[in-house]
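A quick write-up on the structure given underneath.
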2 protein chains.
Amino acid sequence: MNEKESTKDKIIKTASRLFQIQGYHATGLNQIINESGAPKGSLYYHFPDGKEQLALESLQVTANFVLEQIVEGLQKSSDPVIAIQNLINDMAERFEKEGCKGGVPVASIALETSLISEQLRNACQSAYISFQEAFTQKLISSGLEEKRAIELGIAINSMLEGAFLLSFTMGDSQPLRMVAKQIPVLLE
Amino acid sequence: MNEKESTKDKIIKTASRLFQIQGYHATGLNQIINESGAPKGSLYYHFPDGKEQLALESLQVTANFVLEQIVEGLQKSSDPVIAIQNLINDMAERFEKEGCKGGVPVASIALETSLISEQLRNACQSAYISFQEAFTQKLISSGLEEKRAIELGIAINSMLEGAFLLSFTMGDSQPLRMVAKQIPVLLE
DNA sequence: GTCTATAGGACGATAGAC
DNA sequence: GTCTATCGTCCTATAGAC
């Protein structure tokens with residue numbers, strides 16, 4: 001394996017965390033360098049297009065991580081109601097363990113950059129679509145009609161993102177918990 | 001009436017719009033002054049505590065506007081399913097008329113400031129609670145049991161906020177429309 | 001690949017005249 | 001109530017040595 005990639009990876013890992021918690025504009029490149037412990041001079045070597053490129057690659061790491069959580073969570077039960085409920089509750093638990101201050105995965109970058117960088121907006125959109133398709137796929141494979149599964153995938157994704165946003169703002173995972181509780185009703 | 005308040009009001013009105021579209025950190029005080037057409041020297045006279053105070057008062061204006069939309073929308077039909085569905089569809093229509101670029105009302109400030117200003121976080125939280133209580137109240141007054149109405153108020157609010165976030169990021173009101181479509185299922 | 005130094009600009013905030 | 005000038009700080013980005 002390439003040990004040489006570890007500097008770039010350290011930068012991306014720190015950037016992902018900071019962008020998610022603080023947002024795009026509030027996170028400076030200096031802070032990323034300092035907190036990552038990466039060599040100060042290496043940023044523009046690894047990311048020649050600057051902050052936007054760094055944000056893009058960081059976002060993709062974050063999005064892949066979340067998607068993996070979703071896909072793996074959905075595999076744990078064949079019953080989609082139980083699977084989705086457990087997934088959201090697991091996310092709520094993780095969120096609580098971060099002191100309800102872990103930020104909102106994709107949203108923090110999406111809100112700040114969608115109107116100023118088509119590239120970043122597009123990456124956020126792709127991330128959201130991948131989430132909703134994971135839900136849709138689960139519903140289809142458990143026998144739901146495709147059209148209905150697509151509708152529900154979008155709705156469940158909306159609920160999840162909204163509940164994350166509310167839980168973060170309130171510093172309380174209650175919205176996530178409440179949304180999980182409505183899944184049986186929604187999938188009736 | 002006091003014609004003298006018009007300068008402060010102009011500043012707040014412009015700030016509300018810009019904070020909502022661009023976010024907190026991306027919106028400079030200079031831009032607010034320039035676009036509002038307000039006298040340049042008057043900002044720190046009207047808002048001695050600076051940007052944070054301006055954001056706070058702007059947020060309250062935005063939140064009151066949204067709450068009014070919700071309350072008035074919910075009054076238009078006695079059937080809560082129809083009322084909520086129409087409300088969300090009206091919001092989707094308004095969003096489309098802004099070219100799907102109108103920003104996400106409270107979220108843009110909530111995400112950027114919740115961890116750096118307890119005052120602003122608290123104002124965002126109050127705004128969200130007022131929204132969810134409007135839904136809950138509507139459900140109670142149409143005969144739903146209180147405990148269930150509270151749960152649903154939170155869930156509907158989550159769906160709405162999430163759908164706004166997704167619609168904004170995708171530049172397409174589809175998530176808002178899909179969420180509206182699920183209301184009958186949720187309230188079954 | 002890494003480092004230092006710095007350019008060049010924007011920002012929030014303040015002081016003091018009017 | 002308004003205005004101008006300015007301070008100090010932060011930012012992104014670049015140039016050039018090593």
Side-chain angles (χ1 to χ4, degrees), chain A residues 1-59 108-109 111-113 115-120, chain B residues 1-59 108-109 111-113 115-120:
Chain A
M1 278 304 264
N2 349 1
E3 201 70 38
K4 68 176 181 202
E5 279 197 334
S6 74
T7 287
K8 186 173 183 182
D9 286 347
K10 264 197 294 189
I11 295 176
I12 289 186
K13 198 177 157 192
T14 303
S16 300
R17 199 186 79 244
L18 291 175
F19 281 140
Q20 182 171 314
I21 295 175
Q22 304 179 338
Y24 183 78
H25 290 97
T27 302
L29 299 181
N30 291 334
Q31 189 187 10
I32 293 172
I33 287 300
N34 288 336
E35 294 202 16
S36 71
K40 298 194 180 183
S42 59
L43 207 154
Y44 278 90
Y45 173 78
H46 292 293
F47 305 93
D49 288 342
K51 191 177 188 179
E52 189 173 342
Q53 184 189 354
L54 175 55
L56 183 66
E57 297 196 29
S58 302
L59 178 73
S108 49
I109 290 192
L111 272 180
E112 287 188 63
T113 68
L115 294 183
I116 60 174
S117 162
E118 179 60 15
Q119 199 177 190
L120 281 170
Chain B
M1 278 301 263
N2 349 4
E3 200 69 38
K4 67 176 182 208
E5 279 197 334
S6 75
T7 287
K8 187 173 183 183
D9 287 347
K10 262 197 294 189
I11 294 176
I12 289 185
K13 197 178 158 192
T14 302
S16 301
R17 198 187 80 244
L18 291 176
F19 281 139
Q20 180 171 316
I21 295 175
Q22 304 180 337
Y24 182 78
H25 291 97
T27 301
L29 299 182
N30 292 334
Q31 189 187 10
I32 293 171
I33 286 301
N34 287 337
E35 294 202 15
S36 70
K40 298 194 182 184
S42 58
L43 206 156
Y44 278 89
Y45 172 79
H46 293 292
F47 305 94
D49 289 340
K51 192 177 188 179
E52 189 174 343
Q53 185 189 354
L54 174 55
L56 183 67
E57 297 195 30
S58 302
L59 179 73
S108 49
I109 290 192
L111 273 179
E112 287 188 64
T113 67
L115 294 183
I116 59 175
S117 162
E118 179 60 15
Q119 200 178 191
L120 280 170

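Predicted model, so just to flag it, every value in this text is computed and none were measured. Per chain, numbering begins at 1; letters A, B, ... match sequence-line order.
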- prompt: Can a side chain N or O of H46(A) be found less than 4.0 Å away from OP1 or OP2 on dT2(C)?
  reply: yes
- request: Enumerate the residue pairs fulfilling salt bridge (Lys or Arg N to Asp or Glu O under 4.0 Å) with a member in residues 37-49 of chain B, sequence neighbours excluded, ordered by first and then second residue.
  value: none
field: Residues forming a side chain to side chain donor-acceptor pair (under 3.5 Å) with Q119(A), sequence neighbours excluded
entry: E52(A)
statement: To the nearest angstrom, the CZ-C1' distance between F47(A) and dT12(D) comes to 15 Å
query: What residues, two or more places apart in sequence or in another chain, satisfy side-chain contact (heavy atoms from CB on, under 4.5 Å) together with S42(A)?
result: T7(A), I11(A), P39(A), H46(A)
query: By side-chain contact (heavy atoms from CB on, under 4.5 Å), which residues pair with L115(A), not counting sequence neighbours?
result: I21(B), K101(B), F168(B)
- prompt: Near DNA chain C, which residues from residues 49-56 of chain B have a heavy atom under 4.0 Å away?
  reply: G50(B), K51(B)
- request: Just grab all the salt bridge (Lys or Arg N to Asp or Glu O under 4.0 Å) pairs involving residues 22-34 of chain B, residues at least two apart or on different chains.
  value: none
statement: Residues at least two apart in sequence or cross-chain that pass side chain to side chain donor-acceptor pair (under 3.5 Å) with Q22(B), listed by chain then number, are T27(B)
message: Checking S16(B) now: which residues fulfil side chain to side chain donor-acceptor pair (under 3.5 Å) with it, not counting sequence neighbours?
response: none
field: Criterion side-chain contact (heavy atoms from CB on, under 4.5 Å) on F47(B) and K8(B), from CA distance to verdict
entry: CA-CA 9 Å; F47(B) 305 94; K8(B) 187 173 183 183; 3.8 Å; yes
message: If the condition is side chain to side chain donor-acceptor pair (under 3.5 Å), which residues does E35(B) pass it with, not counting sequence neighbours?
response: R17(B), Q31(B)
query: Which residue pairs satisfy the salt bridge (Lys or Arg N to Asp or Glu O under 4.0 Å) criterion with at least one member in residues 23-34 of chain A, sequence neighbours excluded?
result: none
- prompt: Would one find a side-chain N or O of T7(B) under 4.0 angstrom from OP1 or OP2 of dG1(D)?
  reply: no
- line: Under the rule of Watson-Crick or G-U wobble with both distances under 3.5 Å, where | means paired to another strand and [ ] a crossing pair, DNA chain D maps to ||||||||||||||||||
task: Would you jot down, in residue-number order, the residues of residues 29-45 of chain B having a non-hydrogen atom under 4.0 Å from DNA chain C?
output: L29(B), N30(B), Y44(B)
